2 protein chains.
Amino acid sequence: MTSTEPPTTDRADQQTAHQTDQEPAAKPALRPTRQRRAVSEAMASFEDFRSAQEIHELLRNRGEAVGLATVYRTLQRLADAGEIDMLRSEDGEAIYRACSTTHHHHLVCRSCGRTVEVEGPAVERWTSAIAAEHGYGEVSHTLEIFGTCPACR
Amino acid sequence: MTSTEPPTTDRADQQTAHQTDQEPAAKPALRPTRQRRAVSEAMASFEDFRSAQEIHELLRNRGEAVGLATVYRTLQRLADAGEIDMLRSEDGEAIYRACSTTHHHHLVCRSCGRTVEVEGPAVERWTSAIAAEHGYGEVSHTLEIFGTCPACR
DNA sequence: ACGATTTTGACAATCGTTCTCAGCGGGTCG
DNA sequence: CGACCCGCTGAGAACGATTGTCAAAATCGT
């Protein structure tokens, strides 16, 4: 237990999403602008996680220049809308990835860095189960395994 | 380059910890200063995760003033040494907590940060098995589960 | 096409974290 | 005991990611 209080306090504003479809109220009406399309397309062009800045860079190289602030805003919306996954890298940067990629984990050699991609239905099931058991929904997770590969032992 | 690489690209270093005592190399010789003692004690005074700034604040209130930079440095060392757990809050801040003896993982609410500690013999077994299967030894791993807690759904 | 609204983008402002560097202090050696 | 070496500290500058600001540009409904 330990009433862990929310680290982030006043973040209410970013939570705009969720409007029940029975609510006749305002319709956010996301506009299909060139920039938004560009970002969405960019997101579909790679499988791994990338930082907002890398994505911004990628867009620039593609010739579809989009303001950095706009990239941030768009990514945030997409993430809120659940269209892309967002998590934080080890050094605190927000990183994004198109939502539908096949999910797998990495087995990394501590010494030479050799990486093997592994899948684990068992783990997926376990995490979902554990989460459900505690009443958590919309579950996602990160898992990485470290070890010393055969060549480095 | 390219190819799916983990969010934490070449970040295997964070796992540095473990300074084997057989290393004949330079011995950092950590000095037992007032500040370090203060930080360690402070870490032992609470159970949940706190940010470096909160810890700094806490020390100040205790009368054991320690420079912010020193707090950061010390927390980092403790984390590297594996004496405390460090992870990232949803908004990218580094948060720390005294390391509990038992190995477990965290089920964190994406929205309010509420955290539940969970254990999973199954996962432990699975990771070891997968690693062994690929010939990796000295296995360790990191796993975090994210979701939306009952109160935030 | 026209006014209402959203969005955008350049840039300033935040804010957590790290770097710099002069001064301090613990430990050691003579 | 005193000089010295070197890690340690603190204050503030520097940094880098992210967010806020606001006038100009793009869209939408009519």
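Below, read A as the first sequence line, B as the second, and so on, with proteins coming before strands; counting in each chain starts at 1. Everything quoted here is computed from the prediction, not taken from an experiment.
- Judged purely by distance below 3.5 Å, without hydrogens or angles, the side chains of A:Arg73 and A:Thr70 pair a donor atom with an acceptor atom.
- Using modelled atom types, one finds no donor on one side chain facing an acceptor on the other under 3.5 Å when comparing A:Ser40 with A:Arg37.
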I'd like a list of close polar pairs between nucleotides 23-27 of chain C and the protein, N/O only, cut-off under 3.5 Å.
| unit_1 | atom_1 | unit_2 | atom_2 | d |
| --- | --- | --- | --- | --- |
| C:dG25 | N2 | B:Arg31 | NH1 | 2.6 |
| C:dG26 | N2 | B:Arg31 | NH2 | 3.4 |

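- Contact between B:Ala38 and B:Leu59 at its shortest, heavy atoms only, is O-CD2, 3.5 Å.
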Please list, pair by pair, any protein nitrogen or oxygen found under 3.5 Å from a nitrogen or oxygen in nucleotides 9-12 of chain C.
| unit_1 | atom_1 | unit_2 | atom_2 | d |
| --- | --- | --- | --- | --- |
| C:dG9 | OP1 | A:Gln35 | NE2 | 3.0 |
| C:dG9 | OP2 | A:Gly67 | N | 3.0 |
| C:dG9 | OP2 | A:Thr70 | OG1 | 2.8 |
| C:dG9 | N7 | A:Arg73 | NH2 | 2.7 |
| C:dG9 | O6 | A:Arg73 | NH1 | 3.4 |

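- Computed from coordinates, the A:Arg60 CZ to C:dT8 P distance equals 16 Å when rounded to whole Å.
- Atom CG of A:Asp80 and atom P of D:dT19 are 11 Å apart (whole Å).
- Note on A:Gln76: a side-chain N or O is less than 4.0 Å away from OP1 or OP2 of D:dT19.
- C:dT8 atom C1' lies 14 Å from atom CZ of A:Arg37, rounded to whole Å.
- Whole-Å rounding puts the B:Tyr72 OH to D:dG10 C1' distance at 15 Å.
- Taking atom CG on A:Asp91 and atom C1' on D:dA17, their separation rounds to 10 Å, with Å as the unit.
- In this model, the phosphate group of D:dG7 is not approached by any side-chain N or O of B:Arg77 to a distance below 4.0 Å at OP1 or OP2.
- Atom CG of B:Leu87 and atom P of C:dT17 are 12 Å apart (whole Å).
- Counting heavy atoms of neighbouring residues, nucleotides and ligands inside a 6.0 Å radius, atom CZ of B:Arg60 does not exceed 12 of them.
- Here the side chain of B:Arg36 pairs a donor or acceptor atom with the backbone of B:Arg31 at under 3.5 angstrom.
- With sequence neighbours excluded, the residues satisfying salt bridge (Lys or Arg N to Asp or Glu O under 4.0 Å) with A:Glu64 are A:Arg34.
- A straight line from CD of B:Gln53 to P of C:dT18 spans 11 Å, rounded to a whole angstrom.
- When atom types are taken as modelled, the side chain of B:His56 and the backbone of B:Val66 share a donor-acceptor pair closer than 3.5 angstrom.
- Minimum heavy-atom separation, B:Glu124 to B:Ser128: O-OG, 2.9 Å.
- Rounding to whole angstrom units, CD of residue A:Glu64 and C1' of C:dT8 are separated by 14 Å.
- No donor-acceptor distance shorter than 3.5 angstrom exists from the side chain of A:Arg97 to the backbone of A:Glu47, with no hydrogens or angles considered.
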